[in-house]
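Here is how names work: the chains are called A, B, and so on, in the same order as the sequence lines, proteins then strands, and each is numbered from 1. In what follows, every heavy atom counts, from backbone to side chain, and hydrogens, waters and symmetry copies are set aside.
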Amino acid sequence: MDPRKISTGDIAKTVVELIGRASFTLPAAVNESLIRLEENEEDGIGRDTLRVLLENAEIARAERLPLCQDCGSVIVFLSVGQDVKLDGALLEDAVNGAVADAYGMFNLRKSMVGDPLRRKNTGTNAPAFIHTEIVGGDRVAVTVYLKGGGSENMSSLRMFRPTDSAEDIIDYVVGAVEAAGPNPCPPVFLGIGIGGTADAAVINSKKAVIRGGRHHDPFYADLEERIGERLARTNIGPLGYGGRSTAAGVYIMEAPCHIATLPVAVNINCHSLRYMSAVI
Amino acid sequence: MTGEWRKITAPLGDGDVEAIRSGDLFLLSGTLYTARDKAHERISGIVRSGGEMPFDARGQIIYYTGPSPAPPGRPIGSAGPTTSYRMDPFTGVMLGLGVKGMIGKGGRDEKTRRLLAEFRAVYFSTFAGAGAYLGKRIREASVVAFEDLGPEAVYRLAVEDFPLIAINDIYGGDLYESALRKRG
(Lines give C-alpha, C1' and ligand atoms only; values in the text may rest on other atoms or scores of the structure.)
Protein backbone atom coordinates (compact mmCIF):
# COMPACT_ATOMS: atom_id res chain seq x y z
CA MET A 1 0.00 0.00 0.00
CA ASP A 2 1.25 3.47 -0.86
CA PRO A 3 1.73 5.70 2.16
CA ARG A 4 -0.75 8.55 2.55
CA LYS A 5 0.99 11.87 2.02
CA ILE A 6 0.34 14.55 4.61
CA SER A 7 2.03 17.92 4.42
CA THR A 8 3.63 19.25 7.62
CA GLY A 9 2.09 22.56 6.47
CA ASP A 10 -1.34 21.01 7.10
CA ILE A 11 -0.21 19.91 10.55
CA ALA A 12 0.97 23.50 11.18
CA LYS A 13 -2.43 24.87 10.08
CA THR A 14 -4.14 22.48 12.48
CA VAL A 15 -1.84 23.55 15.34
CA VAL A 16 -2.69 27.23 14.71
CA GLU A 17 -6.41 26.47 14.73
CA LEU A 18 -6.19 24.34 17.89
CA ILE A 19 -4.18 27.00 19.76
CA GLY A 20 -6.87 29.55 18.86
CA ARG A 21 -9.70 27.32 20.05
CA ALA A 22 -7.91 26.27 23.26
CA SER A 23 -6.98 29.86 24.20
CA PHE A 24 -10.52 31.24 24.02
CA THR A 25 -12.83 28.29 24.69
CA LEU A 26 -12.90 25.80 27.55
CA PRO A 27 -13.49 22.22 26.41
CA ALA A 28 -17.17 21.34 27.01
CA ALA A 29 -16.24 18.68 29.56
CA VAL A 30 -14.15 21.20 31.55
CA ASN A 31 -16.97 23.74 31.54
CA GLU A 32 -19.43 21.06 32.69
CA SER A 33 -17.11 20.04 35.54
CA LEU A 34 -17.03 23.64 36.76
CA ILE A 35 -20.83 23.97 36.47
CA ARG A 36 -21.28 20.79 38.51
CA LEU A 37 -18.93 22.11 41.21
CA GLU A 38 -20.79 25.44 41.31
CA GLU A 39 -24.13 23.64 41.78
CA ASN A 40 -22.80 21.65 44.73
CA GLU A 41 -20.56 24.25 46.42
CA GLU A 42 -21.96 25.38 49.78
CA ASP A 43 -19.28 27.92 50.69
CA GLY A 44 -20.43 31.47 49.83
CA ILE A 45 -17.20 32.95 48.47
CA GLY A 46 -16.33 29.56 46.97
CA ARG A 47 -19.56 29.56 44.96
CA ASP A 48 -19.15 33.22 43.95
CA THR A 49 -15.65 32.42 42.73
CA LEU A 50 -16.88 29.52 40.58
CA ARG A 51 -19.53 31.80 39.07
CA VAL A 52 -16.84 34.35 38.15
CA LEU A 53 -14.74 31.59 36.54
CA LEU A 54 -17.75 30.49 34.45
CA GLU A 55 -18.47 34.10 33.51
CA ASN A 56 -14.81 34.50 32.54
CA ALA A 57 -15.10 31.51 30.20
CA GLU A 58 -18.20 33.07 28.61
CA ILE A 59 -16.45 36.45 28.11
CA ALA A 60 -13.35 34.74 26.67
CA ARG A 61 -15.44 32.75 24.20
CA ALA A 62 -17.73 35.59 23.14
CA GLU A 63 -15.10 38.35 22.91
CA ARG A 64 -12.11 36.22 21.94
CA LEU A 65 -10.01 37.28 24.89
CA PRO A 66 -7.58 34.69 26.30
CA LEU A 67 -9.11 32.66 29.16
CA CYS A 68 -5.99 33.55 31.16
CA GLN A 69 -3.27 36.13 30.59
CA ASP A 70 -0.81 33.25 31.01
CA CYS A 71 -1.42 31.78 27.58
CA GLY A 72 0.87 28.93 28.51
CA SER A 73 3.69 26.86 27.15
CA VAL A 74 2.50 24.85 24.18
CA ILE A 75 2.63 21.09 24.62
CA VAL A 76 1.85 19.17 21.44
CA PHE A 77 1.06 15.47 21.31
CA LEU A 78 1.35 14.02 17.81
CA SER A 79 0.25 10.46 17.01
CA VAL A 80 1.53 9.74 13.52
CA GLY A 81 0.20 6.70 11.68
CA GLN A 82 3.01 4.56 10.28
CA ASP A 83 1.30 4.50 6.88
CA VAL A 84 1.79 8.27 6.63
CA LYS A 85 4.52 9.93 4.60
CA LEU A 86 5.19 13.46 5.89
CA ASP A 87 5.99 16.06 3.20
CA GLY A 88 7.27 19.61 3.47
CA ALA A 89 9.24 21.43 6.16
CA LEU A 90 10.73 19.52 9.08
CA LEU A 91 7.88 18.59 11.44
CA GLU A 92 9.43 20.38 14.42
CA ASP A 93 9.99 23.57 12.42
CA ALA A 94 6.42 23.46 11.10
CA VAL A 95 4.97 23.14 14.61
CA ASN A 96 7.18 25.88 16.06
CA GLY A 97 6.32 28.16 13.15
CA ALA A 98 2.64 27.50 13.85
CA VAL A 99 3.10 28.46 17.51
CA ALA A 100 4.76 31.75 16.53
CA ASP A 101 2.01 32.51 14.00
CA ALA A 102 -0.81 31.68 16.42
CA TYR A 103 0.59 33.68 19.36
CA GLY A 104 1.09 36.70 17.11
CA MET A 105 -2.22 36.56 15.24
CA PHE A 106 -4.42 35.84 18.29
CA ASN A 107 -2.74 38.45 20.59
CA LEU A 108 -1.61 35.79 23.05
CA ARG A 109 1.08 36.42 25.65
CA LYS A 110 4.52 35.14 24.75
CA SER A 111 5.87 33.45 27.86
CA MET A 112 8.86 31.42 26.67
CA VAL A 113 12.50 32.26 27.36
CA GLY A 114 15.12 30.67 25.12
CA ASP A 115 17.50 29.75 27.91
CA PRO A 116 16.56 28.79 31.48
CA LEU A 117 19.28 30.87 33.16
CA ARG A 118 19.88 33.77 30.76
CA ARG A 119 16.10 34.14 30.35
CA LYS A 120 15.62 36.17 27.20
CA ASN A 121 12.04 35.96 25.90
CA THR A 122 11.96 34.32 22.46
CA GLY A 123 9.18 36.75 21.51
CA THR A 124 7.15 34.06 19.74
CA ASN A 125 6.16 31.63 22.52
CA ALA A 126 8.08 28.97 20.57
CA PRO A 127 9.50 26.45 20.98
CA ALA A 128 6.71 24.02 21.79
CA PHE A 129 7.23 20.80 23.73
CA ILE A 130 6.48 18.16 21.11
CA HIS A 131 5.82 14.52 21.96
CA THR A 132 5.56 12.32 18.88
CA GLU A 133 4.51 8.69 18.84
CA ILE A 134 4.14 6.34 15.91
CA VAL A 135 0.81 4.50 15.83
CA GLY A 136 -1.05 2.29 13.37
CA GLY A 137 -3.03 3.68 10.43
CA ASP A 138 -2.69 6.55 7.97
CA ARG A 139 -3.79 9.52 10.05
CA VAL A 140 -2.15 12.12 12.26
CA ALA A 141 -3.82 13.00 15.56
CA VAL A 142 -2.85 16.37 17.01
CA THR A 143 -3.52 17.53 20.57
CA VAL A 144 -2.50 20.98 21.76
CA TYR A 145 -2.31 21.45 25.54
CA LEU A 146 -1.57 24.92 26.93
CA LYS A 147 0.03 24.87 30.37
CA GLY A 148 0.42 27.91 32.60
CA GLY A 149 3.56 28.51 34.65
CA GLY A 150 1.88 28.97 38.02
CA SER A 151 0.37 25.50 38.07
CA GLU A 152 3.39 23.89 36.37
CA ASN A 153 5.53 25.18 39.27
CA MET A 154 3.48 22.95 41.61
CA SER A 155 4.42 19.74 39.74
CA SER A 156 5.86 16.91 41.79
CA LEU A 157 7.65 13.57 41.33
CA ARG A 158 8.38 10.96 43.97
CA MET A 159 10.03 7.57 43.65
CA PHE A 160 8.16 5.18 45.96
CA ARG A 161 9.23 1.77 47.24
CA PRO A 162 7.51 -1.03 45.30
CA THR A 163 6.10 -2.23 48.63
CA ASP A 164 4.46 1.11 49.45
CA SER A 165 0.66 0.97 49.42
CA ALA A 166 -1.99 2.76 47.38
CA GLU A 167 -2.79 4.65 50.61
CA ASP A 168 0.80 5.99 50.69
CA ILE A 169 0.35 7.23 47.13
CA ILE A 170 -2.98 8.90 47.98
CA ASP A 171 -1.33 10.64 50.97
CA TYR A 172 1.46 11.91 48.72
CA VAL A 173 -0.87 13.22 46.00
CA VAL A 174 -3.15 14.93 48.54
CA GLY A 175 -0.06 16.36 50.25
CA ALA A 176 1.20 17.80 46.95
CA VAL A 177 -2.14 19.57 46.35
CA GLU A 178 -2.28 20.81 49.96
CA ALA A 179 1.26 22.15 49.75
CA ALA A 180 0.35 23.96 46.52
CA GLY A 181 -2.72 25.45 48.23
CA PRO A 182 -4.09 28.46 46.34
CA ASN A 183 -1.01 28.82 44.09
CA PRO A 184 -2.08 26.67 41.11
CA CYS A 185 -5.60 28.21 40.89
CA PRO A 186 -7.89 25.51 42.24
CA PRO A 187 -10.26 23.79 41.57
CA VAL A 188 -7.45 21.84 39.97
CA PHE A 189 -7.45 19.12 37.36
CA LEU A 190 -4.96 16.51 38.52
CA GLY A 191 -3.00 14.26 36.21
CA ILE A 192 -1.19 11.43 37.98
CA GLY A 193 1.40 9.23 36.30
CA ILE A 194 2.01 5.98 38.20
CA GLY A 195 4.75 3.56 37.13
CA GLY A 196 7.07 3.71 34.13
CA THR A 197 10.43 5.39 34.57
CA ALA A 198 10.70 8.82 36.23
CA ASP A 199 10.45 10.62 32.90
CA ALA A 200 7.63 8.37 31.65
CA ALA A 201 5.61 9.00 34.82
CA VAL A 202 5.90 12.77 34.34
CA ILE A 203 4.82 12.63 30.69
CA ASN A 204 1.96 10.29 31.61
CA SER A 205 0.84 12.81 34.25
CA LYS A 206 0.52 15.33 31.39
CA LYS A 207 -1.34 12.89 29.12
CA ALA A 208 -3.62 11.80 31.97
CA VAL A 209 -5.05 15.23 32.74
CA ILE A 210 -6.45 15.66 29.23
CA ARG A 211 -7.99 12.18 29.18
CA GLY A 212 -11.38 13.13 30.71
CA GLY A 213 -13.93 10.74 32.22
CA ARG A 214 -13.34 7.96 34.73
CA HIS A 215 -10.54 5.39 34.42
CA HIS A 216 -11.66 2.27 32.51
CA ASP A 217 -10.14 0.02 35.19
CA PRO A 218 -12.37 -0.01 38.33
CA PHE A 219 -9.25 -0.32 40.54
CA TYR A 220 -7.84 3.00 39.30
CA ALA A 221 -11.31 4.57 39.03
CA ASP A 222 -11.72 3.90 42.76
CA LEU A 223 -8.31 5.43 43.48
CA GLU A 224 -9.28 8.56 41.51
CA GLU A 225 -12.51 8.89 43.47
CA ARG A 226 -10.80 8.46 46.83
CA ILE A 227 -8.24 11.16 45.98
CA GLY A 228 -11.03 13.55 44.91
CA GLU A 229 -12.95 12.91 48.13
CA ARG A 230 -9.87 13.49 50.31
CA LEU A 231 -9.17 16.77 48.47
CA ALA A 232 -12.75 17.98 49.01
CA ARG A 233 -12.21 17.69 52.76
CA THR A 234 -9.11 19.94 52.76
CA ASN A 235 -11.44 22.98 52.37
CA ILE A 236 -8.87 24.67 50.12
CA GLY A 237 -11.78 25.40 47.76
CA PRO A 238 -11.94 27.64 44.69
CA LEU A 239 -8.75 29.77 44.52
CA GLY A 240 -8.01 28.76 48.12
CA TYR A 241 -10.81 30.89 49.58
CA GLY A 242 -12.50 27.83 51.11
CA GLY A 243 -15.05 25.22 50.05
CA ARG A 244 -15.25 21.63 48.86
CA SER A 245 -14.39 22.39 45.23
CA THR A 246 -10.65 21.75 45.45
CA ALA A 247 -10.35 19.26 42.59
CA ALA A 248 -12.44 19.37 39.42
CA GLY A 249 -11.02 16.11 38.10
CA VAL A 250 -8.53 13.35 39.01
CA TYR A 251 -7.02 11.29 36.20
CA ILE A 252 -4.49 8.47 36.58
CA MET A 253 -2.36 6.97 33.83
CA GLU A 254 -0.47 3.86 34.89
CA ALA A 255 2.45 2.13 33.16
CA PRO A 256 4.58 -1.01 33.65
CA CYS A 257 7.74 -0.48 35.70
CA HIS A 258 10.91 -2.10 37.04
CA ILE A 259 10.63 -4.52 40.02
CA ALA A 260 12.59 -2.04 42.15
CA THR A 261 10.66 1.12 41.28
CA LEU A 262 7.33 2.85 41.70
CA PRO A 263 7.48 6.42 40.36
CA VAL A 264 4.51 8.71 40.94
CA ALA A 265 4.26 12.08 39.18
CA VAL A 266 1.65 14.74 39.86
CA ASN A 267 0.67 17.27 37.21
CA ILE A 268 -1.43 20.01 38.77
CA ASN A 269 -3.47 21.98 36.25
CA CYS A 270 -5.41 25.11 37.09
CA HIS A 271 -9.21 25.35 36.70
CA SER A 272 -8.61 26.67 33.17
CA LEU A 273 -7.68 23.32 31.60
CA ARG A 274 -6.99 24.24 27.99
CA TYR A 275 -6.58 21.60 25.30
CA MET A 276 -8.03 20.79 21.89
CA SER A 277 -7.57 17.87 19.51
CA ALA A 278 -8.04 17.14 15.83
CA VAL A 279 -7.33 14.28 13.44
CA ILE A 280 -5.86 14.80 9.97
CA MET B 1 -22.21 37.97 44.41
CA THR B 2 -23.44 37.01 47.86
CA GLY B 3 -20.72 38.73 49.91
CA GLU B 4 -20.75 42.41 50.73
CA TRP B 5 -18.48 44.25 48.30
CA ARG B 6 -17.35 47.69 49.48
CA LYS B 7 -16.12 50.43 47.16
CA ILE B 8 -12.54 51.58 47.70
CA THR B 9 -10.21 53.88 45.78
CA ALA B 10 -6.47 53.73 45.13
CA PRO B 11 -3.93 55.01 46.07
CA LEU B 12 -4.43 53.94 49.69
CA GLY B 13 -3.85 55.93 52.87
CA ASP B 14 -3.02 54.58 56.35
CA GLY B 15 -6.66 55.01 57.37
CA ASP B 16 -7.81 52.75 54.51
CA VAL B 17 -5.25 50.11 55.43
CA GLU B 18 -6.21 50.14 59.12
CA ALA B 19 -9.89 49.56 58.26
CA ILE B 20 -9.19 46.45 56.16
CA ARG B 21 -9.65 43.00 57.66
CA SER B 22 -8.69 39.66 56.14
CA GLY B 23 -11.71 38.28 54.25
CA ASP B 24 -13.11 41.73 53.35
CA LEU B 25 -14.32 42.14 49.76
CA PHE B 26 -13.69 45.32 47.77
CA LEU B 27 -14.40 46.86 44.39
CA LEU B 28 -11.42 49.08 43.66
CA SER B 29 -11.36 52.09 41.38
CA GLY B 30 -8.31 54.22 40.64
CA THR B 31 -4.70 53.52 39.75
CA LEU B 32 -2.68 50.30 39.90
CA TYR B 33 0.93 49.65 38.90
CA THR B 34 1.83 46.24 37.51
CA ALA B 35 5.09 44.48 38.33
CA ARG B 36 6.14 40.85 38.31
CA ASP B 37 9.41 38.94 38.65
CA LYS B 38 11.78 40.89 36.40
CA ALA B 39 10.37 44.34 37.25
CA HIS B 40 10.85 43.61 40.95
CA GLU B 41 14.42 42.55 40.28
CA ARG B 42 15.09 45.81 38.41
CA ILE B 43 13.39 48.03 41.00
CA SER B 44 15.46 46.29 43.64
CA GLY B 45 18.60 47.09 41.63
CA ILE B 46 17.59 50.76 41.31
CA VAL B 47 17.06 51.04 45.07
CA ARG B 48 20.38 49.31 45.80
CA SER B 49 22.31 51.61 43.49
CA GLY B 50 20.52 54.76 44.67
CA GLY B 51 18.98 55.36 41.22
CA GLU B 52 15.77 57.17 40.40
CA MET B 53 12.50 55.22 40.57
CA PRO B 54 10.47 55.35 37.33
CA PHE B 55 7.29 56.10 39.32
CA ASP B 56 6.32 57.35 42.76
CA ALA B 57 5.26 54.23 44.66
CA ARG B 58 3.97 56.01 47.79
CA GLY B 59 0.45 54.86 48.64
CA GLN B 60 0.24 52.76 45.48
CA ILE B 61 -1.00 49.22 44.97
CA ILE B 62 1.21 46.86 42.98
CA TYR B 63 -0.58 44.27 40.84
CA TYR B 64 1.40 41.13 40.08
CA THR B 65 0.36 40.53 36.51
CA GLY B 66 1.77 40.13 33.02
CA PRO B 67 -1.16 41.00 30.74
CA SER B 68 -1.73 39.50 27.32
CA PRO B 69 -1.35 41.96 24.40
CA ALA B 70 -4.19 44.43 23.79
CA PRO B 71 -6.39 43.36 20.87
CA PRO B 72 -7.29 46.22 18.48
CA GLY B 73 -9.62 48.74 20.12
CA ARG B 74 -8.97 47.61 23.70
CA PRO B 75 -6.65 49.08 26.35
CA ILE B 76 -5.37 45.65 27.42
CA GLY B 77 -5.92 41.93 26.89
CA SER B 78 -6.45 39.44 29.71
CA ALA B 79 -4.94 40.47 33.02
CA GLY B 80 -5.34 38.16 36.01
CA PRO B 81 -2.90 37.82 38.92
CA THR B 82 0.27 35.73 38.91
CA THR B 83 1.58 33.69 41.88
CA SER B 84 2.82 35.97 44.64
CA TYR B 85 5.43 33.90 46.52
CA ARG B 86 7.91 34.63 43.72
CA MET B 87 7.82 38.29 44.76
CA ASP B 88 8.32 37.56 48.50
CA PRO B 89 12.08 38.31 48.40
CA PHE B 90 11.27 41.87 47.24
CA THR B 91 8.53 42.78 49.75
CA GLY B 92 10.89 44.77 52.00
CA VAL B 93 12.15 46.90 49.11
CA MET B 94 8.65 47.62 47.78
CA LEU B 95 7.11 48.48 51.14
CA GLY B 96 10.17 50.63 51.87
CA LEU B 97 9.25 52.67 48.80
CA GLY B 98 5.83 53.35 50.31
CA VAL B 99 3.72 50.69 48.59
CA LYS B 100 0.49 50.16 50.56
CA GLY B 101 -1.02 47.17 48.82
CA MET B 102 -0.17 44.18 46.67
CA ILE B 103 -2.48 42.06 44.52
CA GLY B 104 -1.59 38.53 43.51
CA LYS B 105 -2.59 34.94 44.14
CA GLY B 106 -1.45 32.39 46.68
CA GLY B 107 0.12 32.65 50.12
CA ARG B 108 2.99 34.88 51.27
CA ASP B 109 5.98 33.89 53.39
CA GLU B 110 6.25 34.68 57.07
CA LYS B 111 8.64 37.57 56.50
CA THR B 112 6.24 39.26 54.08
CA ARG B 113 3.37 38.89 56.53
CA ARG B 114 5.50 40.43 59.29
CA LEU B 115 6.53 43.31 57.01
CA LEU B 116 2.87 44.04 56.19
CA ALA B 117 2.21 44.74 59.87
CA GLU B 118 5.44 46.72 60.24
CA PHE B 119 4.94 48.96 57.17
CA ARG B 120 1.12 48.99 57.41
CA ALA B 121 0.21 47.49 54.06
CA VAL B 122 -2.28 44.88 52.83
CA TYR B 123 -2.03 41.83 50.58
CA PHE B 124 -5.05 41.22 48.36
CA SER B 125 -5.98 38.53 45.91
CA THR B 126 -8.43 38.63 43.04
CA PHE B 127 -10.05 36.05 40.76
CA ALA B 128 -7.04 34.16 39.46
CA GLY B 129 -7.47 32.59 36.06
CA ALA B 130 -10.27 35.02 35.23
CA GLY B 131 -8.04 37.16 33.03
CA ALA B 132 -10.73 38.07 30.50
CA TYR B 133 -13.20 39.06 33.26
CA LEU B 134 -10.57 41.19 35.02
CA GLY B 135 -9.14 42.69 31.83
CA LYS B 136 -12.56 44.19 31.12
CA ARG B 137 -12.39 46.20 34.37
CA ILE B 138 -9.21 47.93 33.23
CA ARG B 139 -10.05 51.17 31.42
CA GLU B 140 -6.57 52.42 30.52
CA ALA B 141 -3.09 50.93 30.40
CA SER B 142 0.25 52.57 29.64
CA VAL B 143 3.84 51.41 30.05
CA VAL B 144 5.76 53.48 32.63
CA ALA B 145 9.00 51.49 32.85
CA PHE B 146 11.05 48.60 31.46
CA GLU B 147 9.25 48.44 28.11
CA ASP B 148 11.87 45.94 26.90
CA LEU B 149 10.39 43.38 29.29
CA GLY B 150 7.22 43.08 27.20
CA PRO B 151 4.48 41.54 29.38
CA GLU B 152 6.79 41.99 32.39
CA ALA B 153 7.02 45.78 31.97
CA VAL B 154 5.55 48.13 34.59
CA TYR B 155 2.15 49.38 33.41
CA ARG B 156 0.01 52.07 34.99
CA LEU B 157 -3.60 50.87 34.94
CA ALA B 158 -6.82 52.78 35.51
CA VAL B 159 -9.35 50.32 36.92
CA GLU B 160 -13.03 50.48 37.74
CA ASP B 161 -14.77 48.17 40.22
CA PHE B 162 -11.82 45.81 40.18
CA PRO B 163 -12.63 42.97 42.66
CA LEU B 164 -10.24 42.46 45.57
CA ILE B 165 -10.29 39.93 48.39
CA ALA B 166 -8.20 40.90 51.42
CA ILE B 167 -5.92 37.98 52.31
CA ASN B 168 -3.41 39.42 54.81
CA ASP B 169 -4.27 42.47 56.94
CA ILE B 170 -1.98 44.37 59.30
CA TYR B 171 -3.40 42.45 62.30
CA GLY B 172 -2.07 39.02 61.33
CA GLY B 173 -5.26 37.76 59.64
CA ASP B 174 -4.83 35.31 56.75
CA LEU B 175 -7.87 34.23 54.70
CA TYR B 176 -6.15 31.15 53.24
CA GLU B 177 -5.26 29.87 56.73
CA SER B 178 -8.79 30.58 57.97
CA ALA B 179 -10.17 28.42 55.14
CA LEU B 180 -7.86 25.52 56.03
CA ARG B 181 -8.96 25.65 59.68
CA LYS B 182 -12.47 24.72 58.52
CA ARG B 183 -11.31 21.41 57.00
CA GLY B 184 -13.81 18.57 57.37
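Between the side chains of B:Arg108 and B:Tyr123, no donor-acceptor pair is found at a separation under 3.5 Å. Between the side chains of A:Asn183 and B:Thr83, no donor N or O sits under 3.5 Å from an acceptor N or O.
Of all the listed residues (B:Gly106, B:Gly131, B:Ala132, B:Ser84), the one sharing the greatest number of non-hydrogen pairs under 4.5 Å with chain A is B:Ala132. Ranking B:Glu152, B:Lys105, B:Lys38, B:Arg74 against chain A, the residue ahead of the rest is B:Arg74, based on heavy-atom pairs under 4.5 Å. Contact count versus chain B (heavy atoms, under 4.5 Å) is highest, among A:Glu63, A:Arg119, A:Glu178, for A:Glu63. Taking chain A as the reference chain and counting heavy-atom pairs below 4.5 Å, the highest number among B:Gly107, B:Ser125, B:Ala70 is found for B:Ser125.
Both the backbone and the side chain of B:Ala128 come within contact range of chain A, each with at least one heavy atom under 4.5 Å from a heavy atom of that chain. Heavy atoms closer than 4.5 Å to chain A are found in the side chain of B:Arg86, but not in its backbone. When heavy atoms are compared at a cutoff of 4.5 Å, B:Ser22 does not approach chain A at all. Heavy atoms closer than 4.5 Å to chain A are found in the side chain of B:Ile167, but not in its backbone. Of the two parts of B:Pro81, only the backbone, made up of N, CA, C and O, holds a non-hydrogen atom closer than 4.5 Å to a non-hydrogen atom of chain A. For B:Pro67, the part sitting under 4.5 Å from any heavy atom of chain A is the backbone (N, CA, C, O) and nothing else. Contact annotation for A:Leu239: both backbone and side-chain heavy atoms come within less than 4.5 Å of a heavy atom of chain B. Proximity to chain B (any heavy atom under 4.5 Å) is shown, for A:Lys110, by both the backbone and the side chain. In this structure, chain B has heavy atoms under 4.5 Å from both the backbone and the side chain of A:Ile236. Within the 4.5 angstrom heavy-atom criterion, only side-chain atoms of B:Thr65, from C-beta onward, approach chain A. Of the atoms belonging to A:Met105, not a single heavy atom falls under 4.5 Å from chain B.
Between B:Asn168 and B:Val122 the shortest heavy-atom distance is O-CG1, 3.4 Å. Counting all heavy atoms, side chain and backbone alike, A:Pro127 lies closest to A:Thr122 at CD-CG2, 4.5 Å. In plain terms, the two heavy atoms of A:Leu231 and A:Ala247 that are nearest each other are CD1-CB, 3.8 Å.
Taking the ring centroids of B:Tyr63 and B:Phe162, they lie under the 6.0 Å cut-off. The aromatic ring centroids of A:Phe189 and A:His271 lie 6.0 Å or more from each other.
The local environment of CZ in B:Arg58 is sparse, with at most 12 non-hydrogen atoms from other residues, nucleotides or ligands closer than 6.0 Å.
Below 30°, between 30° and 60°, or above 60°: for B:His40 and B:Phe90 the angle between ring planes is between 30° and 60°, a tilted geometry.
Panel note: side chain B:Glu140, backbone B:Leu157; no donor-acceptor pair is recorded below 3.5 Å.
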